[in-house]
There are 2 protein chains.
Amino acid sequence: MNPERTKATIFDVARQAGVSIKTVSRVVNNEPNVRQRTREKVLRSVQELRYQPNAAARELGGKRSRVVGLIYENAQEFSYLNDLFNGALHICEPAGYTLLLRPLTLPDPEITEHIRQFALNARVEGFVLPAPLGDLPEVTALLREMKIPFAAITPRESAPDEINILCNDEAASFSLTELLIDQGHRTIGFIKGHPDHGASAKRFAGYRQALKKHSLPYSARLVRQGYFDFDSGQAAADKLLNLSEPPSAILASNDDMAAGVIFEARGRGLSVPGDLSIAGFDDTRFSSRIWPPLTTVRQPIIKMAETAAGLLIDKLNGSATKAPEAPFECEVVIRESTAFLD
Amino acid sequence: MNPERTKATIFDVARQAGVSIKTVSRVVNNEPNVRQRTREKVLRSVQELRYQPNAAARELGGKRSRVVGLIYENAQEFSYLNDLFNGALHICEPAGYTLLLRPLTLPDPEITEHIRQFALNARVEGFVLPAPLGDLPEVTALLREMKIPFAAITPRESAPDEINILCNDEAASFSLTELLIDQGHRTIGFIKGHPDHGASAKRFAGYRQALKKHSLPYSARLVRQGYFDFDSGQAAADKLLNLSEPPSAILASNDDMAAGVIFEARGRGLSVPGDLSIAGFDDTRFSSRIWPPLTTVRQPIIKMAETAAGLLIDKLNGSATKAPEAPFECEVVIRESTAFLD
DNA sequence: ATTAGAATTGACAACGCTGTCAGCTTGCTG
DNA sequence: CAGCAAGCTGACAGCGTTGTCAATTCTAAT
């Protein structure tokens, strides 16, 4: 049959189970001090009546709002956000938490005020903080001041007691660079990511390490600053390709910039990967849809978001703090934008 | 100074203004039967104390949850979702409504059950229904049965009393086809969109109308069914390009499929737009980032979402029903994937 | 002035849950 | 078998708002 027309209240369950509402409350909230038999009896009634606690009453009565906030930079690649959102939602929902999204437009001089308002108005109990928000000191400082726990998904230096989800950006960048070196490339351009993202430094470090390992000289001229957007990638490619000794491969710190590089290369009549190999980072939705399909690095965003939300909720529920997670593994995805140098 | 440490309650406002809490409630909820002078006095106290009603208490006391649900197909193009979300949020927030997102994976045989659960658990008062959800009869039927108002953003036949936001897909498709005809194309392939989307039929109709106006013959062989995804676009292009008399231009019902067409063309060594002109629909994020940049149609999604949320909230607030909006105007964006036939 | 009727205001009981604390059961110990 | 601590359970008072309805104040027509 269909679910009941009128939602059952805690009172109904209590009556059905022959206990007080307080006992039902204890069972539903998984509190101690309930005899096993009683617990089972109550649980049975909960099932039968399809009882779902009323969130508003819960919040009003207790102190818990069970709201998790996910704030993010509005300009972000949305496939990333989508994974993030789906991962977090997938954990929050069954745990009885509401996930609230809040886009932020960066740079925002009043960012702390905006976040504070959001936290207050939406009664946010904990935040999921993807890059680059977890990288902004004023944001983490605010949250600490407000005593709101958060789980940062970004390679920041982890503070004790704070939840940090990271992936091995550096190793992935190293592998990607090594791939190009193995393909015979000796002058490899690098386009750095936005300096406000912790991942940018990691990716750059991986590049340098790979050069070093293979005894290739590092040249600052082959490195340009980018900002994770298409245009800055294209502009950086323009500079790199104008060098007297242009690179035969360019590694961009994300796919948007890599797309900009491809765009610039095509505009100059260069064939990719024939004349120029190009690799990106992130495996965004379009990276397999452009021509040529992009060699890139895939992060397990969904898993990372799930873990972030899970640890955060554990913390909100007062569970024991888990040991910090090992970094998640990135995966190099080799497609057709990179090739052997002939 | 910073906002108050402890949030002010209605009681504080009442005391400050020298009225009863009920009167404050009336003012805050914009109810009638409050003398102008009293209203102003209360409003002043509200400002001074930065009073924000407690959402949980409000919901528990009254019947209103002030939650607007936005359900969407998870596979949707994200830039579209992002616009949708930002537009809706931009209206909901200042109106004191919480916007809750809920991705759905289609096809879903239990879709009504999932939506029902979401509506019940999250106490959703009204839904924003983007395509293709607004096109599914079981979804609209469920919402009608549950007596939950909704605003559909899709070209469905509008029922009386229901909110419908549409844009002139048909006219835009007509213009786009006409553009190709003006460029000298005479055999123009068309890839239909997903049959479950109301927009698909409209876009196809625009194509046929344009052919008719210019007295070009309609050939069913030049039309293939697609499903709005990259792969179906590529597959359709494969068939079309294998025709004994292949088209010199292909119009895809969205950008993902157009990207598939470009991909297929490149795979065959065809130059775009030299050998084949290609146009899409939607102006997604990557359409200007691929090579060649895509000629496409941009919909004012943000505005449409704002309007949808606005009308929905008006309805929830019991305001007078506005006259139905005129369809929103789409804009043809001409880029480099289309060119004159030489 | 007077008074019906409309406009305005306030007292008070919900709303469904959790926190507090007192009271009742157990199971053990001596 | 009394005595006591630990385990379990329930009564009851909020939480901050809105709905109801009665009380009060206006308004305007006698």
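To find a chain, count down the sequence lines: A is the first, B the second, and so on, and within it residues start at 1.
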Original post:
Heavy-atom distance under 4.5 Å between the side chains of Thr9(B) and Asn54(B), does that happen here?
Top reply: no
Original post:
Rounded to whole angstroms, how far apart are CZ on Arg64(B) and P on dT18(D)?
Top reply: 10 Å
**OP:** Provide, to the nearest angstrom, the distance between the CZ atom belonging to Arg58(B) and the C1' atom belonging to dT18(D).
**Re:** 10 Å
Original post:
What integer distance in Å separates Glu125(B):CD from dT18(D):C1'?
Top reply: 14 Å
Subject >> Helical bend (five base pairs per end, nearest 10°) for the helix from dA1(C)-dT30(D) to dG30(C)-dC1(D) >> reply: 40°
**OP:** Would you mind reporting whether Phe127(A) and Ile115(A) have side-chain heavy atoms less than 4.5 Å apart?
**Re:** yes
Original post:
Reading DNA chain C 5' to 3', which nucleotide is the first, and which the last, to come under 4.0 Å of any heavy atom in chain A?
Top reply: dG16(C) to dC21(C)
**OP:** Give the rounded distance in Å between these two atoms: CD of Glu59(A) and P of dG16(D).
**Re:** 11 Å
Subject >> Verdict with supporting geometry, Leu316(B) and Tyr97(B), side-chain contact (heavy atoms from CB on, under 4.5 Å) >> reply: CA-CA 10 Å; Leu316(B) 294 176; Tyr97(B) 278 76; 3.6 Å; yes
Original post:
Tell me, do Leu100(A) and Leu100(B) make a side-chain contact under 4.5 Å, heavy atoms counted?
Top reply: yes
Original post:
Whole Å only: how far is the NZ atom of Lys22(A) from the P atom of dA13(D)?
Top reply: 15 Å
**OP:** Map Ser20(B) and Arg66(A) onto DNA chain C by nearest heavy atom, then report which one ends up closer to the 5' terminus.
**Re:** Ser20(B)
Subject >> Nucleotide dC15(D), atom P - distance to CZ of Arg123(A) in whole Å >> reply: 18 Å
Original post:
Expressed in angstrom and rounded to an integer, what is the separation of Gln52(B) atom CD from dT17(D) atom C1'?
Top reply: 15 Å
Subject >> Side chain to side chain, Asp196(B) and Leu106(B), heavy atoms closer than 4.5 Å >> reply: no
**OP:** Using the side chain to side chain donor-acceptor pair (under 3.5 Å) rule, collect all pairs that involve residues 125-139 of chain B, keeping only residues at least two apart or in two chains.
**Re:** Arg64(B)-Glu125(B), Asp135(B)-Thr154(B)
Subject >> Side chains of Glu162(A) and Leu143(A) in contact at under 4.5 Å (non-hydrogen atoms) >> reply: no
**OP:** Using a 4.5 Å cut-off on heavy atoms from C-beta on, say whether the side chain of Pro149(A) contacts that of Ile163(A).
**Re:** no
Subject >> Minimum heavy-atom distance Ile313(B)-Cys92(B), with the two atoms named >> reply: CD1-CA, 3.8 Å
Original post:
Going by heavy atoms closer than 4.0 Å, what residues in residues 37-46 of chain A are next to DNA chain D?
Top reply: Thr38(A)
**OP:** Measure the shortest side-chain to side-chain distance between Tyr51(A) and Val42(A) over non-hydrogen atoms and say whether it is less than 4.5 angstrom.
**Re:** no
**OP:** Going by the side-chain contact (heavy atoms from CB on, under 4.5 Å) test, name the single residue among Leu129(A), Ile111(A), Asp108(A) that passes it with Leu136(A).
**Re:** Ile111(A)
Original post:
Is there a side-chain contact between Val27(B) and Val46(B), using heavy atoms and a 4.5 Å cut-off?
Top reply: no
Subject >> Interface residues of residues 25-35 of chain B with DNA chain C (non-hydrogen, below 4.0 angstrom) >> reply: Arg26(B), Asn33(B), Val34(B), Arg35(B)
**OP:** Please determine which of Asp83(A), Thr307(A), Asn82(A) meets the side-chain contact (heavy atoms from CB on, under 4.5 Å) test together with Ile302(A).
**Re:** Asp83(A)
Original post:
Ile21(A) has an atom CD1; how far is it from atom P of dG10(D), in whole Å?
Top reply: 11 Å
Going by atom type alone, with no hydrogens or angles, which donor-acceptor pairs under 3.5 Å involve a side-chain atom of residues 30-41 of chain B and a protein atom two or more places apart or on another chain?
unit_1   : atom_1 : unit_2   : atom_2 : d
Gln36(B) : NE2    : Glu40(B) : OE2    : 3.1
Arg39(B) : NH2    : Glu31(B) : O      : 2.8

Original post:
So what does Gly62(A) touch, heavy atoms closer than 4.0 Å: a base, only the sugar-phosphate, or nothing?
Top reply: sugar-phosphate
